[in-house]
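Structure first, then comments.
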Amino acid sequence: MFLAIAADALGAEVAEVRVEEPDTSRVPDSGPTVASRTCMIVGGCVERACRELRARVDAAPTAGAFRDRARAFLAGGGDGAVETVYSSPPGLRWDDERYRGDAYPAYGWAADVAEVEVDLDTFQVQVTRFLSTVDVGKAIQPAAVEGQIEGGSLQALGFAHLEVVTTEQGRVLQDRMATCIIPTTLDTPPMEVALVEVPYPGGPSGAKGVGELPMDGGAPAVASAIEDALGVHVEAVPATPELLAELWLAAHPGEAP
Amino acid sequence: MSEPFELELTVNGTPRTVRVAPLRRLLDVLREDLALTGTKEGCGEGECGACSVFVDGELVNSCLVAACQVEGCDVRTVEAPDLGNVQAAFLEEGGAQCGICTPGMVLAVQAFVDEWAARGREPDDVELRAALAGNLCRCTGYEKILASARTALRRARP
Ligand code: FES
Ligand code: FES
């Protein structure tokens, strides 16, 4: 993603951009890993730095591809190092000392639709279709964005009806793949992703983050679909067969499903 | 019984000999003794398929195979030179994200392509999903891996 942002801002080819090996000993502390902000914040810094670099190179009277002009610029003693620091967009107040204020200039939005089948003998749930529409601002690499949304959504479907997590004296009991049941291909419905692009002016090329968002809507969508199918309020996830049988029997005393 | 022995096997077409304990996992023989780190360890207990390799043409979980079981066998890993069609399909369709499942997925898709390329009909969605059901992926939601498999199969057809 950073390669694409940098190449776009420089007017260079993606293959010409190289990312240094990340090493926390060489960069300042940028705070916690939160809020799906890498694309928007770091990507924004990359974009601004590359624009500045391009402006410097463009100011030199040379012609040709960016790489040739950049070489000439460096050979002529030009300064090719640019440093950028994130600053909040105008109108947003954030106090980094006291950690107070508006941390979030933009939000991602999504709407998820799930279709389920519930077996009335076993209360086993199969999600049969899933659609996620997500406003990402701008999809810098659409296939990667779709992959993130599909993968995050599948985790959410796992939380919705498969992935039981219990603890005993603070220890997670599902501590291996044999007991931590994540979806296989056969538990996975065909998934559709619809990207909505409403550019956010503060992000690189209008992009917002999409990291965590796909985890949020899937489980409520599945729970709602199960409610619709069974007519009982699904009050917790994962909606295991045991939980659903309990809820159904409580709502229909003395009846068979 | 657990004395090291000279294990002779063929790996990706090349004869190899390594001195290993009989119960050493094939996964470790490949990754550590032969420095073929393409094969990944996901779970180490036969659940995830990240460690998939071919042994005499059959797809197996190399974390569950002991060195003494592959004496004289033909082993193919993700480093094998003849997986280009499947690898290209993964690249084009965006079938890899973090990459941990990818080597195993590539081999599972190759097994799927080998099985279906000569058949007269298309596999349906469930047949395709069943072929990859032994390989877990936490990143992709499988959608683009399934697309990679369809693309690879289409191109492998005569
Ligand atoms: S590492 Fe062998 S199946 Fe998971
Ligand atoms: S790409 Fe990460 S587990 Fe499949």
Side-chain angles (χ1 to χ4, degrees), chain A residues 1 4 14-15 112 114 117 126-132 134 139-160 162-163 174-195 210-215 217-218 222, chain B residues 27 40-52 59 61 63-64 88-102 104-109 111-112 123-151:
Chain A
M1 166 179 75
V14 172
D112 292 335
E117 277 174 23
Q126 180 83 24
V127 184
T128 49
R129 271 177 70 196
F130 190 79
L131 165 71
S132 188
V134 187
I140 290 181
Q141 288 168 312
V145 175
E146 285 169 17
Q148 178 69 16
I149 293 168
E150 290 158 359
S153 296
L154 183 57
Q155 292 195 15
L157 301 190
F159 301 156
L162 293 172
E163 298 180 23
Q174 294 73 20
D175 60 352
R176 58 197 57 216
M177 300 306 306
T179 47
C180 170
I181 306 301
I182 72 169
T184 71
T185 45
L186 287 168
D187 303 309
T188 304
M191 288 202 259
E192 259 176 88
V193 171
L195 298 178
V210 73
E212 293 161 88
L213 186 57
M215 307 276 291
V222 170
Chain B
L27 175 63
K40 301 293 181 235
E41 175 164 9
C43 65
E45 55 183 29
E47 294 285 346
C48 75
C51 65
S52 302
L59 195 65
N61 290 331
C63 70
L64 296 184
F90 268 74
L91 268 177
E92 282 162 45
E93 300 288 353
Q97 283 179 218
C98 82
I100 286 287
C101 73
T102 312
M105 284 290 186
V106 164
L107 294 198
V109 168
F112 163 79
D124 64 27
D125 188 55
V126 173
E127 286 166 325
L128 168 55
R129 286 175 187 272
L132 303 183
N135 293 72
L136 296 176
C137 174
R138 194 52 156 167
C139 301
T140 62
Y142 301 113
E143 198 65 37
K144 297 201 183 329
I145 294 174
L146 298 166
S148 308
R150 281 188 209 100
T151 296

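Just so you know, these numbers use all the heavy atoms, side chains as well, and skip hydrogens, waters and symmetry mates. Since the model is a prediction, treat every value here as computed from it, not as a measurement. Reminder, nothing fancy here: chain letters follow the sequence lines and each chain counts from 1.
In terms of heavy-atom pairs under 4.5 Å with chain B, the best-connected choice from Gly152(A), Pro183(A), Pro214(A) is Pro183(A). Ranked by non-hydrogen atom pairs under 4.5 Å with chain A, the options Gly95(B), Ala133(B), Gly44(B) are led by Ala133(B). Interface summary for chain B: among Leu154(A), Val193(A), Leu186(A), the most heavy-atom pairs under 4.5 angstrom belong to Leu186(A).
Nearest heavy atoms, Tyr142(B) versus Thr188(A): CD1-OG1, 3.3 Å. The two residues Arg138(B) and Gln155(A) make their nearest non-hydrogen contact at O-NE2, 3.0 Å. Across all their heavy atoms, Glu45(B) and Ala178(A) have their closest contact at OE2-N, 3.1 Å. Of all heavy-atom pairs between Thr185(A) and Arg129(B), the closest is OG1-O, 2.6 Å.
Residue contact with chain A, scored on non-hydrogen atoms closer than 4.5 Å, involves the backbone and the side chain of Leu132(B) alike. With a 4.5 Å cut-off on non-hydrogen atoms, Ser153(A) does not touch chain B at all. Within the 4.5 angstrom heavy-atom criterion, atoms from both the backbone and the side chain of Gln148(A) approach chain B. Residue contact with chain B, scored on non-hydrogen atoms closer than 4.5 Å, is absent for Pro142(A).
You'll find the side chain of Glu143(B) stays beyond 4.5 Å of the side chain of Glu192(A), heavy atoms only.
Remark: Lys144(B) NZ to Glu146(A) CD distance equals 4.0 Å, nearest 0.5 Å.
The closest donor-acceptor contact from the side chain of Arg176(A) to the backbone of Glu47(B) lies at 3.5 Å or more, if one exists at all.
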